[in-house]
There are 2 protein chains.
Amino acid sequence: MSLAQIRYFVAVAEEGHVGRAAERLHVAQPPVSRQIRALEDEIGTPLFARTPRGMTLLPPGEVFLDHARAILEAVERAGDAARAFAAGPCVRPARRSSAAG
Amino acid sequence: MSLAQIRYFVAVAEEGHVGRAAERLHVAQPPVSRQIRALEDEIGTPLFARTPRGMTLLPPGEVFLDHARAILEAVERAGDAARAFAAGPCVRPARRSSAAG
DNA sequence: GGCACCCGAGATCGAAACGGTATTGGACGC
DNA sequence: GCGTCCAATACCGTTTCGATCTCGGGTGCC
């Protein structure tokens, strides 16, 4: 399980199409299809139902989608929080700076 | 940023040693050192202070550690939730099986 | 003061993973 | 039956990753 797989999964779940998701992710279709397969294989249960019109989220997929979004958001926040703390957690050393920002 | 980097980071933060963390992760020391460097580079700020006795968590690193643990736990829960839902969220569809449980 | 020992970091090489292109197989509409 | 649209597979080049080997920095000991 990788963050790329989670990103791919969210894109496919939201688009309902592997090809569409691939476009949104700026990658080709086969890699997305493959990673979704790998994700399902690792989790141990199908996440999508393959229909002639695209991909439909199965119940386990819907559950996973909720968690997947939370994970991606947490990753964003993690880096953001560390960066913000590096600049100054709450007080700035006030090096000839009048405004606190 | 990858889940492996996050796992490496947590291990180093908890051990205070790159070598120790590598042992715990069952990998060699250089890869861990490199991934930590890459993580710091991607976030844009140092997470550890390199001391002659090992690695010490800097304030941004402490903040990131909290988020990192949450991410890893969320990943665990995501797969677990999907698996549990695949077996049956609360009721089983009872596909003409003789025994209900 | 020199030497041995700890630590992390760098260089290099082989293996695994990833993504891209081309192609296949299944379902629907005409 | 054929063309179209969809995901899945085969195959290949590139990239990334990890392992081994080696180096530089700092400390403690004698």
Side-chain angles (χ1 to χ4, degrees), chain A residues 1-62 64-65 68 71-72 75 79 82, chain B residues 1-62 64-65 68 71-72 75 79 82:
Chain A
M1 171 127 47
S2 68
L3 289 179
Q5 284 175 343
I6 295 174
R7 276 187 245 270
Y8 286 15
F9 168 81
V10 172
V12 173
E14 287 180 357
E15 297 288 343
H17 276 254
V18 172
R20 282 276 209 186
E23 254 184 71
R24 192 215 277 190
L25 296 162
H26 302 294
V27 294
Q29 170 256 321
V32 178
S33 195
R34 215 178 317 164
Q35 294 286 25
I36 295 296
R37 283 287 226 196
L39 184 61
E40 289 178 324
D41 189 56
E42 180 170 344
I43 292 179
T45 184
L47 267 16
F48 290 99
R50 274 75 173 174
T51 75
R53 315 297 294 166
M55 310 271 276
T56 304
L57 219 47
L58 290 174
E62 293 191 36
F64 189 79
L65 177 58
I71 290 167
L72 295 183
V75 170
Chain B
M1 170 125 50
S2 68
L3 289 179
Q5 283 175 343
I6 295 175
R7 275 187 245 270
Y8 286 14
F9 168 81
V10 172
V12 172
E14 288 180 356
E15 296 289 344
H17 280 251
V18 172
R20 284 274 210 186
E23 252 183 71
R24 192 215 277 190
L25 295 163
H26 302 293
V27 294
Q29 171 257 319
V32 177
S33 196
R34 208 182 320 163
Q35 295 285 24
I36 295 295
R37 283 287 226 195
L39 184 61
E40 289 178 325
D41 189 56
E42 181 171 344
I43 291 179
T45 184
L47 268 17
F48 292 99
R50 274 74 173 175
T51 74
R53 316 297 294 165
M55 309 272 275
T56 303
L57 220 47
L58 290 173
E62 295 191 34
F64 190 79
L65 176 58
I71 291 167
L72 295 183
V75 171

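So that the names make sense, note that chain A is the first sequence line, chain B the second, and so on, each numbered from 1.
- Side-chain N/O atoms of A/S33 include none lying less than 4.0 angstrom from OP1 or OP2 on D/dA7.
- Between B/F9 and B/F48, the ring planes lie tilted relative to each other; the angle falls in the 30° to 60° range.
- Heavy-atom nearest nucleotides on DNA chain C were determined for B/I36 and for A/S2, and the one closer to the 5' end corresponds to B/I36.
- Applying the 6.0 Å contact sphere to CZ of A/R20 captures no more than 12 heavy atoms from other residues, nucleotides or ligands.
- When each of D/dA8, D/dA19, C/dG20 is scored by its nearest atom to the side-chain atoms of A/V27, the top-ranked nucleotide is C/dG20.
- Side-chain atoms of B/H17 lie closest to C/dC7 of the nucleotides C/dC7, D/dA7, C/dA11.
- One finds no side-chain N or O of B/Q5 lying less than 4.0 angstrom from the OP1 or OP2 phosphate oxygen of D/dC17.
- Counting only heavy atoms from C-beta on, B/R37 has its side chain closest to C/dA9 among D/dA7, C/dG20, C/dA9.
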Notebook entry, point to check: If the sugar-phosphate is the primed atoms plus P, OP1 and OP2 and the base is the rest, what is the B/S/- string for nucleotides 22-30 of chain D, using protein heavy atoms under 4.0 Å?
Noted result: ----S----
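- Nearer to the 5' terminus of DNA chain D, by closest-nucleotide assignment, is the contact made by A/G54 (compared with the other of A/R34 and A/G54).
- An OP1 or OP2 oxygen of D/dG18 is reached within less than 4.0 angstrom by a side-chain nitrogen or oxygen of B/Y8.
- Around CZ of A/R50, the count of heavy atoms belonging to other residues, nucleotides or ligands within 6.0 Å exceeds 12.
- Considering only the side chain of B/P30, C/dA9 comes nearest among C/dA9, D/dA7, D/dG18.
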